[in-house]
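Here the structure is laid out as structure tokens; the discussion comes afterwards.
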Amino acid sequence: MATPETPENEAAGERIEGAVLRVVHHNPQTRYTVLRVVRPGEVAPQTWVGRSTGIEEGMQVTAAGEWTHHPNYGKQFNFARIAAKAPTTLPGIQRRLERYPGLGAEKAERIVQRFGLDTLAILDKSPRRLLEVEGIGPKTLERIVAHHTARGGPTAEIENQLLELDLPTHFADAISQRFGETALNVLRQHPYRLAREVRGIGFITADKIARALGVDLESDERIEAGLFHTLEQSEQNGHCALPMPILVQNAERLLELPPARIEPAAMALVRSGALVLDQRESDEGEPLPPLCYPPRFYDAERNVAEILTDIALGAGKGRGRWTAVDPPPGLSAGQLAAIAAIRDAGLVILTGGPGTGKSTVTRAIIDTALANESPVLLAAPTGRAAKRLAEATGQRATTIHRLLEIEGGTGEFFHNAQNPLPEGLVVIDEASMLDLPLAEALLLALTPQHRLLLVGDADQLPSVGPGNVLRDVLAAADRADSPIPVVRLTQIFRQAEGSSIVTSAHAILRGKVPESDRSEGGQFYVVQARDSERAHELVLKAITERIPKAYGLDPRTEVQVLCPMHKGKAGTEALNAALQAHHTAGAPELVLPGRPPRVFRVGDRVMQTKNDHERGVFNGDIGLVTAVDPERQILTVEVDGDPVPYDSKQLNALQLAYAVSIHKSQGSEFPAVVVPLLGEHHVMLRRNLLYTAVTRARRLCVLVADPRALTQAVHRSDAARRFTGLRERLLTALRERLGERRTVRHIDGA
DNA sequence: TACGGCAA
Ligand SMILES: Nc1ncnc2c1ncn2[C@@H]1O[C@H](COP(=O)(O)OP(=O)(O)OP(=O)(O)O)[C@@H](O)[C@H]1O
């Protein structure tokens with residue numbers, strides 16, 4: 001019986017090399033690239049996917065990344081970094097020549113045999129020597145030279161320059177495409193323009209070129225490039241902008257220059273419009289350090305603020321008051337208030353703690369809309385949260401990306417300002433995970449005739465991308481004079497009254513490290529684990545021994561493991577494999593060959609991770625394996641009572657679901673959860689993450705934690721400190737619009 | 001330095 005091995009070399013990522021056989025796809029805008037690559041000593045090509053610029057057929061490349069599975073295209077290597085080696089190997093040069101017109105494999109080989117590593121230099125400097133090679137006549141020579149100089153020219157010069165500097169040559173094409181004849185000049189005189197104007201070249205590469213060339217390290221261009229780079233870096237921490245002093249301070253460290261050189265450069269960028277400076281003051285009117293934005297985020301905030309204002313103030317005509325329908329029995333006062341609020345408002349924010357029935361009450365809200373002949377559109381930022389919303393409402397719900405219909409090829413949305421979504425009530429659940437660019441895309445696809453219900457809890461997870469949309473909108477809407485209704489639910493339904501899950505969650509929010517509830521049938525536990533090996537064991541032990549014995553829960557279907565990360569001994573991948581080995585040992589199984597082999601057994605709990613419109617299974621669907629056919633390499637999963645067949649290709653989009661990431665669990669609930677928290681998770685450990693994980697549990701929450709990791713998670717609360725300005729933008733938009741109204745009325749009255 | 005959603 002096969003026990004799946006945990007992948008060992010994947011945790012740190014892998015480094016592999018090969019020769020590019022074919023560029024299957026390349027989008028110059030997004031740099032999204034699909035390659036077929038042949039590894040040294042192998043024959044069958046493999047698929048590599050990632051972002052890159054200037055990769056061409058025949059290049060020797062090295063890449064760092066990891067192996068993944070794609071539902072339609074199978075096993076593939078997802079690279080985070082890729083670099084072309086200069087064609088310094090004979091086969092590399094030969095492959096390059098093979099693509100020249102008039103040269104096939106045979107002649108190319110003969111040329112390379114004759115001139116060896118000097119081949120390219122000879123093509124550059126004395127191409128007539130090619131006539132020395134058997135089979136190459138004047139005609140062929142002419143075509144070769146024409147092609148070589150056409151593709152060469154500036155590109156070849158750039159390549160040579162890069163080679164001289166001992167830098168990778170694969171940027172040469174992109175550089176010469178962008179700057180044409182002047183490329184070499186730009187490279188030598190203004191290397192930092194490359195960082196801004198050539199996709200794929202960042203500050204670090206440009207700085208290497210500049211340093212190698214001995215360019216002035218105090219030039220304005222270098223400082224400006226450093227400022228842009230600093231802002232891009234902070235985007236990864238969720239910021240849309242940086243306060244000027246912090247921007248200068250971070251740039252100082254990057255550039256190793258004094259602030260007195262950096263500040264004026266930043267101000268010059270602001271004057272030219274390359275950066276936007278937002279002068280701020282506190283609510284008390286005290287000046288605050290101004291925020292410095294990349295223009296696209298400033299514009300996005302303004303668009304979001306304007307459109308939210310349009311919808312909130314009902315700029316559209318014909319959006320009357322909805323008539324009430326009888327609500328279902330047993331709703332809390334807050335839930336009833338939420339139903340009432342949407343009847344005559346364009347925009348409503350529905351918030352409140354975990355398990356207060358926010359998602360649940362949307363069902364009654366939707367009934368009100370439908371009774372008033374308004375269509376409804378439901379969506380959430382993650383597939384799993386969308387699925388939960390669909391279950392809670394009995395309506396179709398999708399990811400926001402799918403609602404807007406992301407287009408193949410461009411990655412743009414089908415629905416936008418020119419082609420808005422069909423009118424009706426739009427419900428966005430788990431809105432705390434909505435980032436600024438997606439919020440902008442969503443709102444651009446709405447009209448003032450739409451109604452919008454934003455549902456979420458700002459204490460739960462913030463978006464992965466930049467922005468803090470829900471928190472900012474709430475901060476503006478919560479002001480006494482705000483016209484945006486906020487309904488706040490307080491009565492908790494998920495856990496029993498007085499549950500230590502709730503008191504522990506509240507302790508976490510207040511920055512206190514929670515402790516085990518040692519009372520009879522206690523619902524909250526912290527089990528100490530020194531390291532991830534031990535944690536792995538303790539998680540298994542809790543699930544297979546302690547929890548079934550003490551709480552009478554079915555370990556396979558009622559206990560959910562929630563992990564901060566996928567990788568590592570205490571990540572979803574390793575724990576899923578270990579839990580499977582326990583839960584379905586001995587059941588009929590299907591083993592898919594590969595490294596490591598993938599195993600599915602009858603009885604396994606599984607989750608679909610990609611949208612498959614044709615078969616009607618979507619990212620976030622959870623099911624149970626009901627039958628396997630090892631001979632035909634197929635199996636059946638029951639999803640929502642329907643059998644869904646999977647062939648070996650489609651199984652690439654299926655994962656075990658005994659352990660899932662905390663991000664994907666937001667919105668869901670389980671009788672019991674077990675959460676590993678370890679040093680290896682430190683990059684992820686935040687208060688919101690822990691709070692979200694704990695509050696998924698209805699009856700039992702067990703933290704298997706290294707005490708230091710737990711303390712870190714409780715104390716780190718930087719979601720509250722993302723630098724964004726949507727609150728101010730929204731307040732300004734509302735003030736302007738309300739002011740306008742008053743003015744209009746005043747004129748009317750006069 | 002990772003979490004989510006996409007792309008042929
Ligand atoms: N009025 C009610 N009476 C009884 N049970 C309720 C009521 N409202 C909600 N519930 C139950 O409470 C649980 C939590 O509800 P729900 O998932 O809607 O909460 P939520 O506020 O959306 O939580 P989260 O913030 O975690 O997404 C569910 O099991 C739901 O069935």
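Remember, it's a predicted structure, so these values are computed and weren't measured experimentally. Lettering of chains follows the sequences in order, A, B, ..., and the numbering in each one begins at 1.
Note on D647(A) versus K649(A): no salt bridge recorded, every NZ/NE/NH1/NH2 to OD/OE distance being 4.0 Å or above. Between E66(A) and K567(A) there is a salt bridge, since at least one side-chain N of the basic residue sits less than 4.0 Å from a carboxylate O of the acidic one. Salt bridge status for D640(A) with K387(A): present, with a side-chain N to carboxylate O gap under 4.0 Å. Of the charged side-chain nitrogens involved, at least one lies within less than 4.0 Å of a carboxylate oxygen, so that E235(A) and R296(A) count as a salt-bridged pair.
A straight line from CG of N78(A) to C1' of dA7(B) spans 11 Å, rounded to a whole angstrom. The distance between atom CG of L404(A) and atom P of dA7(B), rounded to the nearest whole Å, is 13 Å. Atom C1' of nucleotide dT1(B) and atom CZ of R716(A) are separated by 10 Å, given to the nearest angstrom. Distance, N468(A) CG to dC3(B) P: 20 Å, rounded to whole Å. In this structure, D429(A) places its CG atom 16 Å from C1' of dG5(B), rounding to the nearest Å. Between the CD atom of E680(A) and the P atom of dT1(B) there is a distance of 14 Å, given to the nearest Å. Counting to the nearest Å, the P atom of dC6(B) and the NE2 atom of H613(A) are 9 Å from each other. Taking atom NZ of residue K664(A) and atom P of nucleotide dG4(B), one finds them 5 Å apart after rounding to whole Å.
Nucleic acid contact class of Q76(A) (heavy atoms, under 4.0 Å, all strands): base. Residue-level contact check: H566(A) touches the backbone only, with heavy atoms under 4.0 Å from sugar-phosphate atoms and none from bases. Nucleic acid contact class of M565(A) (heavy atoms, under 4.0 Å, all strands): sugar-phosphate only. When heavy atoms are screened at a 4.0 angstrom cut-off, G383(A) is found touching the sugar-phosphate backbone but no base atom. Within the nucleic acid shown, D435(A) comes within 4.0 Å of at least one base atom, counting heavy atoms only.
Nucleotides of DNA chain B nearest to R384(A) and T47(A) differ in position, and the one nearer the 5' end is that of R384(A). Comparing Q233(A) and H401(A), the nucleotide of DNA chain B nearest to each residue sits closer to the 5' end for Q233(A).
Considering only the side chain of S661(A), dG4(B) comes nearest among dG4(B), dA8(B), dA7(B). Nearest to the side chain of N611(A), among dA8(B), dC3(B), dC6(B), sits dC6(B). Comparing atom distances between the N619(A) side chain and each of dC3(B), dG5(B), dA8(B) picks out dG5(B) as nearest. Set against dA2(B), dA8(B), dC6(B), the side chain of Q236(A) has dA2(B) as its closest nucleotide. Distance from the side chain of H25(A) is smallest for dA8(B) among the nucleotides dA8(B), dT1(B), dC6(B). Between dA8(B), dC6(B), dC3(B), one nucleotide has an atom nearer to the side chain of M684(A) than all others, and that is dC3(B).
In this structure, the side chain to side chain contact (heavy atoms under 4.5 Å, CB included) partners of R716(A), at least two apart in sequence or on a different chain, are R686(A), Q712(A), D718(A).
Checking the phosphate oxygens (OP1, OP2) of dC6(B), a side-chain nitrogen or oxygen of T399(A) falls inside 4.0 Å.
For the pair R402(A) and F618(A), the distance from NZ or CZ to the six-membered ring centre is under 6.0 Å and the angle to the ring normal is within 45 degrees.
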